[in-house]
Engineer: 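First, the structure itself, so that you have it in front of you.
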Amino acid sequence: MRMTELLLPTEREAPADAEAPSHVLGVRAGLVRQLGAGLWTWLPAGFRSHQRAIAIVREEMDAIGGQEMLMPVIHPRELWRRTGRDELDELFKLEDRRGARLVLAMTHEESVTFHMAQLVRSYRDLPKILYHFQVKARDEPRPRAGVLRTREFVMKDAYSFDRDEAGLQESYDKHVVAYDRIFDRAGLEWYRVESDVGMMGGSGAHEYMAPCAAGENEVALAPGYAANVEVARAEPRPVPPGEPLAAPLEVSTPGATTIEQVAGLLGVPAGTLLKAYPVVTDGGDLRLVVVRGDHRVNDVKLRNALREGFRPAHPEEIERRIGPPGFIGPVGAQVPVLLDEAVAAARVGGWVAGANRPDAHLRGVEPGRDFAFEAVDVRSVEAGDLVGGHAIRIEPAIEVGNIFKLGTRYSEPLGATFLDEAGVERPIIMGSYGIGPARIVAASIEQHADERGISWPRALAPWQVHLVGLGKAGTPERAAADELYGALRGAGFEVLYDDRAGGAGEKLTDAELLGCPLRLTVGRRALADGNAEAQARRGQVALEPVPLGDDAPAVVAERLGGLV
RNA sequence: CGGGGCGUGGCGCAGCCUGGUAGCGCACCUGCUUUGGGAGCAGGGGGUCGCCGGUUCGAAUCCGGCCGCCCCGACCA
């Protein structure tokens with residue numbers, strides 16, 4: 001591709017509203033442009049990278065027996081009503097000219113299951129893995145960070161159909177293999193982490209997380225361990241136990257309603273306190289959740305422990321049922337207590353807790369002796385907690401893929417059943433598996449960029465070779481660059497040729513911004529030796545020059561072969 | 001949905017407080033010179049100042065309403 005013919009709008013300055021590196025560089029390098037909030041156009045160079053990500057995904061899906069197909073973006077809303085998802089806020093709803101109710105698909109469980117319900121009759125028709133690349137539309141409350149979280153994006157979603165749990169496990173394992181290979185091949189640093197199965201039900205799920213500064217999830221990492229903080233479990237750092245007493249002793253703590261205030265007033269570390277968090281479940285039950293004073297309640301883990309949704313209790317509810325807000329605690333509270341395992345497992349007394357009386361706390365509180373409880377794991381893990389003896393660290397990451405055991409969540413409401421050998425009708429056991437190619441591209445930019453711009457891995461680069469022709473048209477160096485371009489193209493290389501009239505600085509800076517793996521420069525200097533200069537973009541490493549002439553393509557292949 | 005910020009040429013910004021018909025840098029076009037790290041000179045093109053309404057002789061500027069976009073939080077099958 002000649003740059004004089006290419007639509008590649010590079011910018012010297014970052015757009016004013018961009019912050020994430022992938023957003024800034026994506027726009028500056030001319031890969032993407034914004035159409036509206038969370039609505040992005042892939043320009044030619046960016047689209048090439050996007051297509052490369054798609055090609056990798058397609059190859060690996062085919063390798064595990066996936067069958068590619070294509071389903072519509074517009075669905076009848078009725079289909080979504082049958083699975084109970086038609087009222088989701090994230091679902092775009094629309095009507096056609098006749099007033100028929102439609103939705104823009106945010107995923108394709110409904111449509112693929114609808115078809116399989118009609119097409120699968122016998123266990124002989126199973127298993128199947130079907131997938132497609134299709135636009136997903138989601139009315140996101142807050143699109144952000146350029147292409148990282150958008151309202152419309154291409155997703156590869158795959159669905160597995162099996163006759164039983166063992167089959168599902170097999171399909172799931174195949175996807176683990178495919179996904180591991182996909183993210184390896186894409187050159188990403190990634191982790192497969194345990195994830196929350198959410199309100200969708202399902203029996204297991206993993207997310208593929210790519211660490212990057214602009215990531216919106218957090219993953220807890222330790223040697224041999226990786227989990228979304230939403231579900232991560234770890235051994236807490238111990239805190240010095242408080243002074244045990246034969247019975248709780250009330251102490252005056254006027255006006256001290258926060259952990260910090262109480263700890264300061266009593267001269268004890270925050271970890272000696274018990275933090276009480278009253279919640280009301282969706283079923284209307286009041287519960288008192290208690291965690292260590294220096295810990296934080298994890299809403300996702302709490303929801304899973306409760307097996308239903310919840311909201312924080314209102315002050316009036318706390319006042320009426322437990323005690324004065326700011327001074328509540330588990331001792332004497334007339335509501336069920338859920339005690340975090342970090343406290344329960346310590347098996348010590350000496351805790352400080354609210355006294356359920358104004359301006360008072362209790363010292364020497366001992367779980368079990370002073371209050372009954374159910375032990376649950378509902379705290380958020382923290383950096384420094386231990387897993388298998390190793391301290392965990394917590395990193396921001398972007399979810400680039402997920403795999404999910406759906407079970408019969410969709411097959412039952414949509415009547416997707418089959419007859420087994422015994423002639424018994426059974427629901428199909430399903431799994432769903434998503435990957436966002438745009439996020440692979442964005443994560444790659446985030447992970448590899450330096451102060452000069454993008455630094456693509458070969459697997460995702462829009463072009464393998466960026467050939468910079470210095471000098472103006474008519475000069476010997478330009479003639480040599482033209483010739484090299486022709487030779488490389490003829491040999492099948494993906495090469496971007498900067499044949500513009502601009503100055504050297506402009507061209508070299510653009511090459512570093514766009515970040516193709518191998519840069520070849522033909523100027524007067526190297527031409528005197530009959531060479532093109534070669535530089536690896538990753539690390540700005542100078543390589544052995546490429547002798548111009550018949551052997552050039554072979555030498556370029558060699559230089560490329562040494563790059564990631 | 002709560003909080004904060006911003007809408008002026010393709011990009012980045014000034015002008016607004018104190019009203020007088022729009023400016024800077026980059027980019028773009030023409031010519032000449034220049035050509036290894038974002039060149040120089042000369043000439044030139046391009047803006048309903050987000051939209052609607054109000055105040056005023058006169059609105060980018062003041063007032064009201066609306067729309068859009070960004071950031072933080074909430075939310076996120």
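In what follows, every heavy atom counts, from backbone to side chain, and hydrogens, waters and symmetry copies are set aside.
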Engineer: Under 4.0 Å between a Lys/Arg side-chain N and an Asp/Glu carboxylate O for A:Glu140 and A:Arg149?
Structural biologist: yes
Engineer: Counting side-chain heavy atoms from CB outward, which of B:G36, B:G38, B:C76 is closest to A:Thr509?
Structural biologist: B:G38
Engineer: In whole Å, I'd like the distance from the CD atom of A:Glu216 to the C1' atom of B:G73.
Structural biologist: 14 Å
Engineer: Charged N to carboxylate O under 4.0 angstrom, A:Asp450 versus A:Arg452?
Structural biologist: no
Engineer: Determine which nucleotide pairs with B:U56, using a 3.5 Å limit on both distances of a Watson-Crick or G-U wobble pair.
Structural biologist: none
Engineer: Which base, if any, makes a Watson-Crick or G-U wobble pair with B:A14, both distances under 3.5 Å?
Structural biologist: none
Engineer: Is any side-chain N or O of A:Glu533 under 3.5 Å from a base N or O of B:G36, one able to act as donor and the other as acceptor?
Structural biologist: yes
Engineer: Would you say the side-chain atoms of A:His448 and A:Trp456 include a donor-acceptor pair closer than 3.5 Å?
Structural biologist: no
Engineer: Just compare B:C69, B:G37, B:G36 and give me whichever is closest to any side-chain atom of A:Arg452.
Structural biologist: B:G37
Engineer: Expressed in angstrom and rounded to an integer, what is the separation of A:Glu506 atom CD from B:U34 atom P?
Structural biologist: 19 Å
Engineer: For the P atoms, the ones on B:G12 and on B:G19, what distance do you get once it is rounded to whole angstrom?
Structural biologist: 30 Å
Engineer: Nearest of B:C71, B:C70, B:A27 to any side-chain atom of A:Ala37?
Structural biologist: B:C70
Engineer: Does B:G73 pair with anything, Watson-Crick or G-U wobble, both distances under 3.5 Å, and if so, with which nucleotide?
Structural biologist: B:C1
Engineer: Taking atom P in both B:G10 and B:C51, compute the distance separating them and give it to the nearest angstrom.
Structural biologist: 13 Å
Engineer: B:G36 base to A:Glu477 side chain: any donor-acceptor pair below 3.5 Å?
Structural biologist: no
Engineer: Output the single nucleotide from B:A74, B:G38, B:G36 whose closest atom is nearest the side chain of A:Pro141.
Structural biologist: B:A74
Engineer: If you check the A:Arg33 side chain, which of B:G37, B:G10, B:C26 turns out closest?
Structural biologist: B:G10
Engineer: Starting at atom CG of A:Leu508, determine the distance to atom P of B:G37, rounded to an integer number of angstrom.
Structural biologist: 8 Å
Engineer: Quick one: look up who B:G47 pairs with, Watson-Crick or G-U, both distances under 3.5 Å, and put none if it's unpaired.
Structural biologist: none
Engineer: Looking at A:Arg142 and B:G3, is any side-chain donor or acceptor paired with a base atom of the opposite kind under 3.5 Å?
Structural biologist: no
Engineer: Under 3.5 Å for both donor-acceptor distances, Watson-Crick or wobble: does B:C6 have a partner, and if so which one?
Structural biologist: B:G68
Engineer: With respect to the side chain of A:Arg151, which nucleotide from B:C69, B:C71, B:C26 is positioned closest?
Structural biologist: B:C69
Engineer: Measuring only the P atom in each nucleotide, how far is B:G7 from B:C17? A whole number of Å is fine.
Structural biologist: 15 Å
Engineer: Quick one: A:Leu7 CG to B:A27 P, roughly how many Å, whole number?
Structural biologist: 19 Å
Engineer: What class does the angle between the rings of A:His75 and A:His108 fall in, given that below 30° is parallel, 30 to 60° is tilted and above 60° is perpendicular?
Structural biologist: perpendicular
Engineer: Nearest to the side chain of A:Leu470, heavy atoms from C-beta on, is which of B:G36, B:G37, B:C70?
Structural biologist: B:G36
Engineer: Which is more 5' along RNA chain B, the nucleotide nearest A:Gly505 or the one nearest A:Leu39? Just name the residue.
Structural biologist: A:Gly505
Engineer: Using the P atom in both, what is the distance from B:A14 to B:G5, to the nearest Å?
Structural biologist: 15 Å
Engineer: Applying a 4.0 Å non-hydrogen cut-off, can you work out what A:Ala511 is touching in the nucleic acid: base, sugar-phosphate, or nothing?
Structural biologist: nothing
Engineer: For B:G36, does OP1 or OP2 lie under 4.0 Å from any side-chain N or O of A:Arg524?
Structural biologist: yes
Engineer: Which part of the nucleic acid, if any, lies within reach of A:Asp89 when heavy atoms closer than 4.0 Å are counted: base, sugar-phosphate only, or nothing?
Structural biologist: nothing
Engineer: When you get a sec, tell me which of B:G37, B:G38, B:G36 is the closest nucleotide to the side chain of A:Arg28?
Structural biologist: B:G38
Engineer: For the pair made of CG in A:Asp139 and P in B:C1, what is the distance, rounded to whole Å?
Structural biologist: 10 Å
Engineer: So, do A:Phe493 and A:Leu560 sit near enough that their side-chain heavy atoms are less than 4.5 Å apart?
Structural biologist: yes
Engineer: Kindly point out which of B:G38, B:C71, B:C75 is positioned nearest to the side chain of A:Glu90?
Structural biologist: B:C75
Engineer: Could you give the CD1-to-C1' distance, from A:Ile398 to B:C76, as a whole number of Å?
Structural biologist: 12 Å
Engineer: Would you measure the distance from the C1' atom in B:U48 across to the matching atom in B:C41 and give it in whole Å?
Structural biologist: 35 Å
Engineer: Rounded to whole Å, please give me the gap between CG in A:Asp498 and C1' in B:G37.
Structural biologist: 13 Å
Engineer: In whole angstrom, give me the gap between the C1' atoms of B:C75 and B:C49.
Structural biologist: 36 Å
Engineer: Of the listed nucleotides (B:C70, B:G36, B:G38), which one gets closest to any side-chain atom of A:Gln34?
Structural biologist: B:C70
Engineer: Measuring only the P atom in each nucleotide, how far is B:A74 from B:C67? A whole number of Å is fine.
Structural biologist: 25 Å
Engineer: Parallel, tilted or perpendicular, judged at 30° and 60°: which one describes the rings of A:Tyr433 and A:Tyr179?
Structural biologist: perpendicular
Engineer: Pick the closest RNA chain B nucleotide for A:Ala501 and for A:Pro143 by heavy atoms, then say which residue is nearer the 5' end.
Structural biologist: A:Ala501
Engineer: May I ask you to verify whether the side chain of A:Arg149 and the base of B:C76 hold a donor-acceptor pair under 3.5 Å?
Structural biologist: yes
Engineer: Between A:Glu512 and A:Arg537, does any side-chain N to carboxylate O distance fall below 4.0 Å?
Structural biologist: no
Engineer: Write down the distance separating the P atoms in B:C24 and B:G43, rounded off to the nearest Å.
Structural biologist: 14 Å
Engineer: Quick one: do A:Arg439 and A:Glu216 make a salt bridge, cutoff under 4.0 Å?
Structural biologist: yes
Engineer: Could you tell me the separation between the NE2 atom of A:His23 and the P atom of B:C69, rounded to a whole number of Å?
Structural biologist: 13 Å
Engineer: Does a salt bridge link A:Arg85 with A:Glu109, judged by any charged N lying under 4.0 Å from a carboxylate O?
Structural biologist: yes
Engineer: Strictly by Watson-Crick or wobble contacts shorter than 3.5 Å, is anything paired with B:C41, and which nucleotide is it?
Structural biologist: B:G31
